Amino acid sequence: MTIVGGGLVGASIAWGLARSGINPLVLDGDDLDLRASRANFGLVRVQGKGLHAPHYALWSDASAKVWPTMTKALSDDSGIDVGLRQARAYTFALSEEELEAVREDMESIALETNGRAPHFDVLNASRLSNVPGLGPDVVGSIYCSADGHANAHRLFHALHTAMEKKGAAYRSNHRVQTIEPRLRTSY
């Protein structure tokens, strides 16, 4: 099996396959290729996801809940701690209108998921006094305790280390120009 692209998604797929006993080949460009993994902040975020798509809101929440188990397995396979922290996240608003719009979105997600989306709180500026470095233009925030982040660079390194330790082969500087389907004659 061949995987095109060795960024976070390709490496995750390769690691998962290798853990299952399938040893894929990962073909990747060079380190200067544009890819989402180079700009990823490592956010593990459920807040605000799934507006008018309740299945996506619930899927995002379920995915966030699996992160601790996944990062433990990744650490076991790679020896690298990816720095997962799922302590909270804020969505700051610079106007009352912006805060109201985000609150309405969050309430819609809660209704659309029959209350199964993660809990959120609306905080006015006085309730944000414990957040360091906020300027006077912040009028409030949406707060969600289900959100967090991982260190994207460590995550990338851990995935590559783990996938190769588990049997995936990685080839950088192997840019894929075209993909042609092959018909299978037997199943």
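Start at 1 with the first residue, then count along the sequence. Keep in mind that what you see is a predicted model, and the values were worked out from it rather than measured. Heavy atoms only: backbone and side chains are in, while hydrogens, waters and symmetry mates are out.
Using a 4.5 Å heavy-atom threshold, the side chains of Met163 and Tyr170 count as touching. Under the 4.5 Å side-chain criterion, counting only non-hydrogen atoms from C-beta, Val26 is not in contact with Ile13. Taking the side chain as every heavy atom from C-beta outward, Val139 and Leu94 never approach each other to under 4.5 Å. Contact check for Lys49 versus Trp59: no side-chain heavy atoms found under the 4.5 Å cut-off. Contact of the Ile3 side chain with the Leu17 side chain is registered, since non-hydrogen atoms from C-beta on lie closer than 4.5 Å.
Atom CG of Leu99 is separated from atom OG of Ser141 by 7.5 Å, given to the nearest 0.5 angstrom. Here the CZ-CG distance, from Arg154 to Leu74, works out to 12.0 Å after rounding to the nearest 0.5 Å. Once rounded to the nearest 0.5 Å, the distance linking CD of Glu107 with CD1 of Ile109 reads 11.0 Å. With values rounded to the nearest 0.5 angstrom, His153 atom NE2 is found 13.5 Å from Ile80 atom CD1. For the atom pair NZ (Lys165) and CG (Asp77), the distance works out to 8.5 Å, reported to the nearest 0.5 Å. Asp28 contributes atom CG, which lies 10.5 Å from atom NE2 of His174 (distance to the nearest 0.5 angstrom).
Nearest approach of Ala18 to Gly167, heavy atoms of both residues: CB-N, 4.4 Å. Closest heavy-atom contact between Asn23 and Ala168: OD1-N, 4.5 Å. Of all non-hydrogen atoms in Leu159 and Trp15, the two that sit nearest each other are CD2-CE3, 3.9 Å. The shortest non-hydrogen separation linking Gln86 to Ala146 is NE2-O, 3.9 Å. When all heavy atoms of Phe156 and Gly7 are compared, the pair lying nearest together is CE1-CA, 3.8 Å. The two residues Cys144 and Gln47 come nearest to each other via the heavy atoms CB-NE2, 3.5 Å.
Hydrophobic cluster membership is shared by Val138 and Val131, with clusters built from Ile, Leu, Val, Met, Phe, Trp and Tyr side chains linked at under 4.5 angstrom. Hydrophobic cluster membership is shared by Ile22 and Val9, with clusters built from Ile, Leu, Val, Met, Phe, Trp and Tyr side chains linked at under 4.5 angstrom. The hydrophobic clustering, which links ILVMFWY residues whose side-chain heavy atoms are closer than 4.5 Å, places Tyr56 and Val46 apart.
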*Could you please spell out the steps behind the side chain to side chain contact (heavy atoms under 4.5 Å, CB included) verdict for Tyr143 and Arg88?*
CA-CA 7 Å; Tyr143 167 85; Arg88 65 184 172 275; 3.3 Å; yes

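Partner of Tyr90 under the side chain to side chain contact (heavy atoms under 4.5 Å, CB included) criterion, out of Leu123, Leu134, Ile142: Leu123 alone.
Using a distance-only test at 3.5 Å, with no hydrogens or angles considered, no donor-acceptor pair links the side chain of Asn124 to the main chain of Gly140. Not a single donor-acceptor pair under 3.5 Å links the side chain of Asp147 to the backbone N or O of Ala89. In this structure, His157 contributes its side chain and Leu155 its backbone to no donor-acceptor pair below 3.5 Å. Formation of a donor-acceptor pair under 3.5 Å by the Ser75 side chain with backbone atoms of Thr71 is not found in this model.
Side-chain atoms of Arg45 and Thr91 form a donor-acceptor pair, as typed in the model, at a separation below 3.5 Å.
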